[in-house]
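Written below as structure tokens is the structure these notes are about.
Naming convention: chains lettered A, B, ... in sequence-line order (proteins, then strands); numbering from 1 in each chain.
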2 protein chains.
Amino acid sequence: MSQVKQPTPHALSSLMTEFENSCRRADLKVTHQRLEIYRELTEAHDHPSAEMLYRRIITRLPTISLDTVYRTLATFEKHGLITRVQTVESQARFEAEMVKHHHAVCSKCGVITDFTWETFDAAQVPDTLAVWGKVFKRHAVLEGICTSCSPKV
Amino acid sequence: MSQVKQPTPHALSSLMTEFENSCRRADLKVTHQRLEIYRELTEAHDHPSAEMLYRRIITRLPTISLDTVYRTLATFEKHGLITRVQTVESQARFEAEMVKHHHAVCSKCGVITDFTWETFDAAQVPDTLAVWGKVFKRHAVLEGICTSCSPKV
DNA sequence: TATATTAATAAGAATCATTACTATTCGTGA
DNA sequence: TCACGAATAGTAATGATTCTTATTAATATA
């Protein structure tokens, strides 16, 4: 029931050509591994982990290494070809603050700042989500550059 | 500039008493380690990791082990005394979908579902954030129970 | 088309965050 | 004060990710 539609089988080949062009533009060599990883990720609708992708791809490329999957995903992400699903970072962070609040993360220094946002807390979630299930919690993560990291005027 | 105010030094002791009561209510023994970990986290305003807390606490409790910090934080979280800063999970997840969208996570099965939310994308962020810096990206994470995990009626 | 250049890969070791194991210590109720 | 079980320290183990290095392969060019 995802609101974001998936490519039709027919659209996939043109997506792959587009991908190859993106690679060339970015000076990335078009390798089997990269094609397979990108294709697998495009066809997957379950936000797979590197490990999950690896297990799926190895059936077609038996010699591919897990490291290649990790490295390739990082490369794709750097070039804006794919997205890493929003996580603050691998290390878990904690807080004793129990008042409902949200987080602004500075992409330069990584500092996480709390802020409250009543409008968001009260906003109605999209109707389409009613089919999905019952929403209990909501959390907003903003990303940007904090004042102390901004180039001084 | 955080919008969520911190406890005044004066309020801290009552906070600690409150904490001890919470522990007793939850059948958690009130140990030095737990008190120190909770106090350190209450005084910290930087969303520390377990490792960071450990390094701070070891100066006062030289024999505390890192494992205790991890275990205690998990215990506190389970009893709702602290919060783990929103991350989907420790394993990074990826997606090729480049259309702007958000995520609904089912807390039972863990499945991540994409959805679009134009109202949120267009909503004005709180004025107070202007002081913080420039916001480039925003992302909403909803948590709930998806239909297939809901008890059948 | 063959070749040189250089990026990309495979394999496995290393690292980092986190969790598990086990003997010992300590908080708490009787 | 004592006995009990929960909590802890110390260390080993695990899981995810990254690094190292020798090898392979994509691409530009002759």
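Atom OH of A:Tyr54 is separated from atom C1' of D:dG15 by 15 Å (rounded to the nearest Å). With rounding to whole Å, B:Lys78 atom NZ is found 13 Å from D:dA7 atom C1'. Per the geometry, CG belonging to B:Leu61 stands 14 Å off C1' belonging to C:dT25, to the nearest Å. The separation between B:Arg55 atom CZ and C:dC16 atom C1' is 12 Å, rounded to whole Å. Atom C1' of nucleotide D:dG15 and atom CD of A:Glu51 are separated by 9 Å, given to the nearest angstrom. Here C:dA7 presents its C1' atom at 12 Å from NE2 of A:His79, a figure rounded to the nearest Å. Protein atom CG of A:Asp27 is 10 Å distant from nucleotide atom P of C:dA7, rounded to whole Å. We find that CG of A:Leu73 is positioned 15 Å from P of D:dA16, with the value rounded to whole Å.
Under 4.0 angstrom from either OP1 or OP2 of C:dA17 there lies no side-chain N or O belonging to B:Ser49. Contact annotation: A:Gln33 does not reach the phosphate of D:dA25 (side-chain N/O to OP1 or OP2, under 4.0 Å). Regarding contacts with the backbone of D:dA7, every side-chain N or O of B:Arg71 stays at 4.0 angstrom or more from both OP1 and OP2. Between B:Ser65 and the phosphate of D:dG10, there is no side-chain N or O to OP1/OP2 separation shorter than 4.0 Å. Listed pair B:Tyr70 / C:dT19 fails the phosphate criterion, with no side-chain N or O lying under 4.0 Å from OP1 or OP2. At C:dT9, one or more side-chain N or O atoms of A:Thr31 fall inside 4.0 Å of OP1 or OP2 (strictly under the cut-off).
Closest of all the heavy-atom pairs between A:Leu129 and B:Ala104 is CD2-CB, 4.2 Å.
The listed nucleotides are D:dA26, D:dA7, D:dA9; the one nearest the side chain of B:Leu28 is D:dA7. If you check C:dT18, C:dT9, D:dA26 against the side chain of A:His32, the one that comes closest is D:dA26. Side-chain proximity of A:Thr63 to the nucleotides D:dA26, D:dT17, C:dA10 is greatest for C:dA10. Nearest nucleotide to the side chain of A:Thr68, out of D:dA7, C:dT9, D:dA9: C:dT9. For B:Arg34, the side-chain atoms get nearest to D:dA7 when compared with the rest of D:dA7, D:dT17, C:dT9. Looking at the side chain of A:Leu66, the nearest of the listed nucleotides D:dG5, C:dA8, D:dT17 is D:dT17.
Side-chain contact between A:Arg39 and A:Met16 is present, with at least one heavy-atom pair separated by less than 4.5 Å. At a threshold of 4.5 Å between non-hydrogen side-chain atoms, the residues B:Glu143 and A:Phe136 do not count as touching.
Of the two residues contacting DNA chain D, namely A:Asp67 and B:Ile64, the nearest-nucleotide position lying further toward the 5' end is that of B:Ile64. Where A:Thr72 and B:Arg24 each meet DNA chain C at their nearest nucleotide, the meeting point lying more 5' is that of A:Thr72.
A donor-acceptor pair is defined here as one N or O able to donate and one able to accept, closer than 3.5 Å; such a pair exists between the side chain of B:Arg138 and the backbone of B:Ala123.
Ring-plane geometry between B:Phe19 and B:Tyr38 is classed as parallel, the angle between the planes falling under 30 degrees on a 0 to 90 degree scale with a further cut at 60.
Judged by distance alone, the side chains of A:His103 and A:Asp114 do bring a donor and an acceptor atom under 3.5 Å apart.
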